[in-house]
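For reference, the structure discussed in these notes is given below.
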2 protein chains.
Amino acid sequence: MLTERQLLILRAIIDDYIQTAQPVGSRTLSKRDDLSFSSATIRNDMADLEDMGLIEKPHTSAGRIPSEIGYRYYVDHLVETKIIDERETYRLGERLRASAQESEVLIRQAADLLSDLTNYTTVALGPNSQMNRLARIDLMPLDERRGVVLIVTDQGHVEHRTVVFDSPMAPDLVEQTIRFLNDRLKGTPLGQLKFRIGEEVAKLRLAHQEQFEFMMQLIQSTIEVQHPASLYLGGKKNIFNQPEFQTLDTLRPFLEWIDEQERLTDWLESLPNREIYVSIGSENGIVALQNCSVITSDYTLDGKTFGTIAMIGPTRMDYRHGVQMMGQIIEALRRTKLEE
Amino acid sequence: MLTERQLLILRAIIDDYIQTAQPVGSRTLSKRDDLSFSSATIRNDMADLEDMGLIEKPHTSAGRIPSEIGYRYYVDHLVETKIIDERETYRLGERLRASAQESEVLIRQAADLLSDLTNYTTVALGPNSQMNRLARIDLMPLDERRGVVLIVTDQGHVEHRTVVFDSPMAPDLVEQTIRFLNDRLKGTPLGQLKFRIGEEVAKLRLAHQEQFEFMMQLIQSTIEVQHPASLYLGGKKNIFNQPEFQTLDTLRPFLEWIDEQERLTDWLESLPNREIYVSIGSENGIVALQNCSVITSDYTLDGKTFGTIAMIGPTRMDYRHGVQMMGQIIEALRRTKLEE
DNA sequence: TATTAGCACTCATATTTACTGAGTGCTAAT
DNA sequence: ATTAGCACTCAGTAAATATGAGTGCTAATA
């Protein structure tokens, strides 16, 4: 168990290191107003903290830096749980609402805002369209054999794909088929669309041979639509300002990783479903993010569960501020009404 | 005017430098099989080439490197104009066609392919949707007051936007308005859509007050749609492998610049309209690309003018290979039929 | 007259060496 | 239990030196 003084020292080391990115020495600490002990005393405590694995030294004659365990302790015990500053939340909400009605734009804005507030990189994952329900499916003819399949969801999300048919489309056949599909499939979650279309087609198979053929083609194209969840990156440039990313060796893996949209999406979707979660250094299990910490949170928009937002910074990130800002943003989003 | 030998030397210097990224010295050159002169002779010619501004030395005791003027001379006089390798073009075409029917996917594929072939970064700009003509406009209701405005162009491009109306939408009013707009506006280039809608609305103003109000709202949302041309980046990682981008000072401006989608689009659209154009170093006028050269070309797909594709590498890029590959790709695209 | 050999000179880069100073750990005094 | 004192460690910096690739010029050569 840590003594009162050791706690103070640990906190001071981490706070200091977060600010300066430099190892913190005993003399520096003893000069602080809130630590009125001699450097020797502090050194003794530091040795204890090191034995406990909470801090470590880069080399013999350097000061101490927090270890991952140290950060973990700091986050779990020394960072106040989120305090919503009503006025600030309101102001953030205003800035968000000023931008747009459209949920996707709103999410982007939120990511940018969070990144501006913290100077870290943010990633926001929009609603997984697999959960969206079909509002309408349509086929707009472009010419005799080409058309655009449109899939609009109840959330206003639109997927589209150009299809080319083997033979010219008969207008009334198209209309008939589309009406049929709309009648049967309205409200189907996109994730089940492929399966449900299959069912409907099967029913139809014997009855209307011609329509069947046509629909088969339609389906084949439609089901290939990948329904990617919308992903948005905010403040990617911020990484350039972090002292720990001033060398190519550290910068490159990060940039390469963050540019891989698909992997990023999978990662965000795989995160545990919680309000605010802090993952420190190697905890996140991603090699490219070894030296990063991530603050993630699911968020709701207009009351409905929506997506995930993440904030990525160096392990030496300002957890206190980060957690706070994350809290404000998701609270502001929660209170945002889409229609007004 | 350059002597035969000076030409040979200039070419050798550039070829060598392109490969090694190291200043080329007279002794290195005199060892080459195609240069059977003594290093002293070569030194004399090098001095002349330097007087002419074609090469320069980084410092007194280093070899020579090509100047921008040197590269320009090299590209204009020493690189063969594109030779289409029929078999290779065919193979590239196959690889492209294998991927998809959809033009946007095809363009992405082309950018990736070009980047794979050259190990440089590529940017592909899809068709400017402002040129696309309206195939159909539609409003799909989501609930009483929200709907999705869909704009489909003759090229299969889709724009969409969620709109929220002040008052509930009357189904027949919606239908009537949409039919009206479709009747009047079909075939209108997207760039003129805003203006044309204005015209139609003016006509309607006095006749149908209610419909007018509704349409005004519809318009307001629609015209805000930004019709961004589709932009695709290929092989961004490649930059990490270029020796001239191993320091943050050079890397950072490049990465920051290339991540700015909007600026990138404007830039590509502002390029002179030609088949294949090489812009060397500062010629392109972009600070972040001071040390880069760019090979750009407009391309056609299925015979129709389509967009622009660019290849960005260090000034010391392999122009010969780059120009060649660019030629192959746009030729392959030109021969690609969208429907088959 | 064009080419080449020879040589002094330049200058980036690498290596060595010495120095500085922030920081530690331990011991003995308070 | 705390603190003063001191020997020791070691990254970082700076100066000193060496290395070698490359140049420009001059004089000899074909």
Side-chain angles (χ1 to χ4, degrees), chain A residues 1-10 12-14 16-17 19-67 70 243-244 246-247 249, chain B residues 1-10 12-14 16-17 19-32 34-67 70 243-244 246-247 249-250:
Chain A
M1 202 44 212
L2 294 177
T3 68
E4 192 72 20
R5 195 176 57 206
Q6 285 170 337
L7 266 181
L8 238 72
I9 291 176
L10 177 60
I13 291 175
I14 299 187
D16 204 290
Y17 185 67
Q19 264 216 309
T20 65
Q22 295 298 324
V24 190
S26 54
R27 232 176 84 79
T28 315
L29 286 176
S30 81
K31 276 189 216 132
R32 286 175 64 126
D33 294 340
D34 55 342
L35 290 177
S36 53
F37 316 96
S38 80
S39 63
T41 311
I42 291 172
R43 271 203 293 285
N44 288 332
D45 277 337
M46 281 168 106
D48 292 344
L49 289 171
E50 187 171 6
D51 286 343
M52 286 182 262
L54 293 166
I55 55 178
E56 54 197 22
K57 31 184 178 190
H59 58 85
T60 332
S61 71
R64 303 301 213 292
I65 61 175
S67 69
E244 30 271 278
Q246 295 299 309
T247 66
D249 294 340
Chain B
M1 199 47 211
L2 294 179
T3 68
E4 191 72 20
R5 195 176 58 207
Q6 286 171 336
L7 267 180
L8 237 74
I9 291 175
L10 177 59
I13 289 175
I14 300 187
D16 204 292
Y17 185 66
Q19 265 216 309
T20 65
Q22 295 297 325
V24 189
S26 55
R27 231 177 84 79
T28 314
L29 286 176
S30 80
K31 276 192 217 131
R32 285 174 65 125
D34 55 341
L35 290 176
S36 52
F37 316 95
S38 80
S39 63
T41 311
I42 292 172
R43 271 203 294 285
N44 288 333
D45 278 335
M46 280 168 103
D48 292 345
L49 288 171
E50 187 171 6
D51 287 342
M52 287 182 261
L54 293 165
I55 56 179
E56 55 197 22
K57 29 183 181 189
H59 58 85
T60 334
S61 71
R64 303 302 212 293
I65 62 174
S67 69
E244 30 272 278
Q246 296 299 310
T247 67
D249 296 340
T250 49

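Chain A is the first sequence line, chain B the second, and so forth, proteins listed ahead of strands; every chain is numbered from 1.
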- Query: Would you call L2(B) and L49(B) a side-chain contact if the rule is heavy atoms closer than 4.5 Å?
  - Reply: yes
- Message: Any heavy-atom pair between the side chains of L54(A) and Q6(A) that's under 4.5 Å?
- Response: no
- Query: Can you tell me how far C1' of dG23(C) sits from CE of M46(A), to the nearest Å?
  - Reply: 9 Å
- Message: Quick check on dG24(D): is either OP1 or OP2 less than 4.0 Å from any side-chain nitrogen or oxygen of K57(B)?
- Response: yes
- Output for pair (E4(B) CD, L8(B) CG), nearest 0.5 Å, gives 6.5 Å
- Only one of I65(B), I14(B), L10(B) passes side-chain contact (heavy atoms from CB on, under 4.5 Å) with I55(B); say which it is. L10(B)
- Item | Rounded interatomic separation in angstrom, taking CG from D45(B) and P from dA2(C) | 12 Å
- Item | Atom-to-atom span, CG of L49(B) to C1' of dG24(D) - whole angstrom | 16 Å
- Message: So, does S61(B) get its side chain near the phosphate of dT23(D), meaning an N or O under 4.0 Å from OP1 or OP2?
- Response: no
- How long is the line joining CG of D48(B) and C1' of dT23(D), in whole Å? 14 Å
- Task: Specify the separation, in whole Å, of atom CZ of R5(B) and atom P of dT4(C).
- Result: 7 Å
- Residue set satisfying side-chain contact (heavy atoms from CB on, under 4.5 Å) with R5(B), at least two apart, ordered chain then number -> T3(B), I9(B), F37(B), T41(B), D45(B)
- When the distance from CD1 of I9(A) to P of dT2(D) is rounded to whole Å, what number comes out? 10 Å
- Message: For a quick test of reading the model: is some side-chain N or O of R43(B) closer than 4.0 Å to OP1 or OP2 of dC25(D)?
- Response: no
- Query: Taking five pairs at each end, how big is the angle between the two axes of the helix from dT1(C)-dA30(D) to dT30(C)-dA1(D), to 10°?
  - Reply: 20°
- Task: Could you check how far CD of E50(A) sits from C1' of dC26(C), rounded to whole Å?
- Result: 15 Å
- Item | Sub-4.0 Å heavy-atom contacts from residues 22-42 of chain A onto DNA chain C, ordered by number | G25(A), S26(A), T28(A)
- Item | Interatomic distance, E56(A) atom CD to E50(A) atom CD [nearest 0.5 angstrom] | 8.0 Å
- Item | Side chains of R27(A) and K31(A) in contact at under 4.5 Å (non-hydrogen atoms) | yes
- To the nearest 0.5 Å, atom CD1 of I13(A) lies from atom OG of S26(A) at 9.5 Å
- Message: Tell me the interatomic distance from N44(A), atom CG, to dA4(D), atom C1', rounded to whole angstroms.
- Response: 12 Å
- A12(B) to R32(B) - nearest heavy-atom pair and separation: O-NH1, 3.6 Å
